[in-house]
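Within every chain, numbering begins at 1; the chains are lettered A, B, ... in the order of the sequence lines, protein sequences first and strands thereafter.
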2 protein chains.
Amino acid sequence: MVDTKTAILDAAEHLFSSKGFDATSLRDINAIAQVNLAAVNYHFGSKDGLIQSVLERRIVPLNIERLRLLDQCEARLGNDALPLNEILEALIAPAVRLSRDPKAGGEDFMRLLGRLFIEPNPKVQTILEALFGETGRRFIKALKQSLPNLPEVELFWRVNFATGAMAHTLCDTSRLEFISGGVCDPNDAEGIIHRLVAFIAAGMREPVSATHTL
Amino acid sequence: MVDTKTAILDAAEHLFSSKGFDATSLRDINAIAQVNLAAVNYHFGSKDGLIQSVLERRIVPLNIERLRLLDQCEARLGNDALPLNEILEALIAPAVRLSRDPKAGGEDFMRLLGRLFIEPNPKVQTILEALFGETGRRFIKALKQSLPNLPEVELFWRVNFATGAMAHTLCDTSRLEFISGGVCDPNDAEGIIHRLVAFIAAGMREPVSATHTL
DNA sequence: GTCTATAGAACGATAGAC
DNA sequence: GTCTATCGTTCTATAGAC
């Protein structure tokens, strides 16, 4: 038997991701966690405090692992610019592995995160900036060094596209399997990492072309 | 003054996208639309009927325009495989233009759509499949013909990545501007189309490489 | 077709016993 | 730290006057 706080976090993660934050009541959570109605307010202060704890539990270790992989590359290569694919892999691999790890509530958590990323609510955005800001800046810096000839404006746009490709893949588990008629296996974490890194790297490396007219 | 139904649709689109479906009450909608509390139930039957109408109003014309552009390419080129960039542009351009058109509630609608795409609710997924299924299959068929050497499993994965890049860009209006320190202009629809098509086309065309080991 | 009024249910949060 | 009980609020939906 897990402790009360963990039981609440597990239930909340699952329900927030599958029903959405607003559609999930504390009563739903407490019913699944087998705890009392007052337990959430006792342990987390409020429903807002609960979502903050749900996010921190996964994102803090995730970004530690990402930066560890990035540091490891840098240590190996000294002051040279890192190879693009290795930077992307340090960014992507920990997230994909987490999203496919059933022990970590994987796909549940990533879908929740995907929801929150398009949430205009300023309070949510503040939480996400606090959790991802520094890691994001570290990776953008590494990408800039790796692609010195790419103008900054193009780099930012491409990072944005890459974020979308990654986020959508992390969130979506069943649609691709359905659309592809079962050809694609959403549980093949290493295959996803390889394909996603290759796709993004190709887009990142593409020479900048002049705007063409229709 | 617009009619009651349109006023409700406009208000609902804005509120569903900014607060989420569940967090938006009919009272919120009716307050903004300046109509009565019972008006939604009268015109749309229920809150579910309202979201269906909100989606149909934008998606049906959007997909008609996408298929029109695709048909136009095919008519011009006969039985040849269409150029990859033209297919992608037929898919992407109408959506980007819609998302940047303030008259069409653009960014509001796309954010709502982005939310719904990661909604596991089967009812929502059924609505989306009905609205997007046929158009999606037409474009996948065209992409297959355009990339005859790409194995089907790789094509589906890449379509998935492309969908994510596009969806994230359509939803997100402010984060990129913030992260880039104002370098990227989220209102430059034609620039976005050009960059997004180039990024996705590069990823689509990338030769398939063997899985490498870490 | 548009309103008022309200039914009936669920919500977040808290007080206070143990 | 965990419980019961409940307060005050808000919700969707509908009944029925006009």
Side-chain angles (χ1 to χ4, degrees), chain A residues 1-57 108 112 115-116 119-127, chain B residues 1-57 108 112 115-116 119-127:
Chain A
M1 178 58 182
V2 293
D3 65 64
T4 301
K5 283 185 81 160
T6 304
I8 292 172
L9 287 173
D10 288 345
E13 180 173 88
H14 177 68
L15 287 168
F16 286 162
S17 86
S18 58
K19 300 177 56 173
F21 180 69
D22 295 295
T24 300
S25 68
L26 298 184
R27 285 169 172 81
D28 293 336
I29 293 168
N30 293 337
I32 289 189
Q34 305 264 44
V35 299
N36 187 265
L37 179 55
V40 166
N41 284 292
Y42 177 76
H43 286 288
F44 301 97
S46 68
K47 202 180 172 186
D48 286 347
L50 176 58
I51 183 84
Q52 169 104 28
S53 296
V54 166
L55 293 175
E56 280 176 0
R57 179 170 69 146
D108 276 351
L112 171 59
R115 279 175 181 275
L116 294 178
E119 192 82 45
N121 182 329
K123 198 168 58 185
V124 170
Q125 292 309 316
T126 303
I127 293 174
Chain B
M1 176 60 181
V2 294
D3 65 65
T4 301
K5 284 185 81 160
T6 303
I8 291 172
L9 287 173
D10 288 344
E13 181 172 88
H14 176 67
L15 287 169
F16 287 161
S17 84
S18 58
K19 298 178 53 173
F21 181 68
D22 296 294
T24 300
S25 70
L26 297 183
R27 284 172 171 79
D28 294 336
I29 294 168
N30 292 339
I32 289 189
Q34 304 265 44
V35 300
N36 187 266
L37 179 57
V40 166
N41 284 292
Y42 176 76
H43 285 288
F44 300 97
S46 68
K47 202 179 172 185
D48 286 347
L50 176 58
I51 184 83
Q52 169 105 26
S53 296
V54 166
L55 293 174
E56 279 176 0
R57 179 170 70 147
D108 276 351
L112 171 58
R115 280 175 180 276
L116 295 178
E119 191 84 44
N121 183 328
K123 199 168 59 184
V124 170
Q125 292 309 316
T126 303
I127 293 174

Rounded to whole angstrom units, what separation is found between the [atom1] atom of [X] and the [atom2] atom of [N]?
X: B:I29; N: D:dA13; atom1: CD1; atom2: C1'; answer: 14 Å
X: A:N30; N: C:dA10; atom1: CG; atom2: P; answer: 16 Å
X: B:D48; N: D:dA13; atom1: CG; atom2: C1'; answer: 12 Å
X: B:D22; N: C:dC11; atom1: CG; atom2: C1'; answer: 13 Å
X: B:L15; N: D:dC11; atom1: CG; atom2: P; answer: 12 Å
X: A:D28; N: C:dG12; atom1: CG; atom2: C1'; answer: 13 Å

- Which residues share a side-chain contact (heavy atoms from CB on, under 4.5 Å) with A:T24, sequence neighbours left out: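 With sequence neighbours excluded, A:T24 shows a side-chain contact (heavy atoms from CB on, under 4.5 Å) to A:L15, A:F16, A:K19, A:D28, A:I29, given in chain and number order.
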- Message: Quick check on DNA chain C: between A:G45 and A:A23, whose nearest nucleotide comes earlier from the 5' end?
- Response: A:A23
- Set of side chain to side chain donor-acceptor pair (under 3.5 Å) partners for B:S46, sequence neighbours left out: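 Side chain to side chain donor-acceptor pair (under 3.5 Å) list for B:S46, sorted by chain: empty.
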- Check whether any side-chain heavy atom of A:I32 lies under 4.5 Å from a side-chain heavy atom of A:D10, and answer yes or no. no
- Message: Does anything in residues 29-54 of chain A form a ring-ring contact (aromatic ring centres under 6.0 Å, His included)? List the pairs, not counting sequence neighbours.
- Response: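 Residue pairs passing ring-ring contact (aromatic ring centres under 6.0 Å, His included), neighbours aside: none found.
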- Message: Suppose we screen for salt bridge (charged side-chain N to carboxylate O under 4.0 Å, His left out). Which residues come up paired with B:R115, at least two apart in sequence or across chains?
- Response: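 Once residues adjacent in sequence are excluded, the partners of B:R115 under the salt bridge (charged side-chain N to carboxylate O under 4.0 Å, His left out) criterion are A:E119.
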- Which residues satisfy the salt bridge (charged side-chain N to carboxylate O under 4.0 Å, His left out) test with B:D22, sequence neighbours excluded? none
- Note on the structure: Of the candidates D:dA13, C:dG12, C:dA13, the side chain of B:K47 sits closest to D:dA13
- Item | Per-nucleotide protein contact string for nucleotides 1-6 of chain D (B base, S sugar-phosphate only, - none; heavy atom under 4.0 Å) | BBBB--
- Output yes when at least one side-chain N/O atom of B:S25 is less than 4.0 Å from OP1 or OP2 of D:dC11, else no.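 Checking D:dC11 against B:S25, a side-chain N or O does come within under 4.0 Å of OP1 or OP2.
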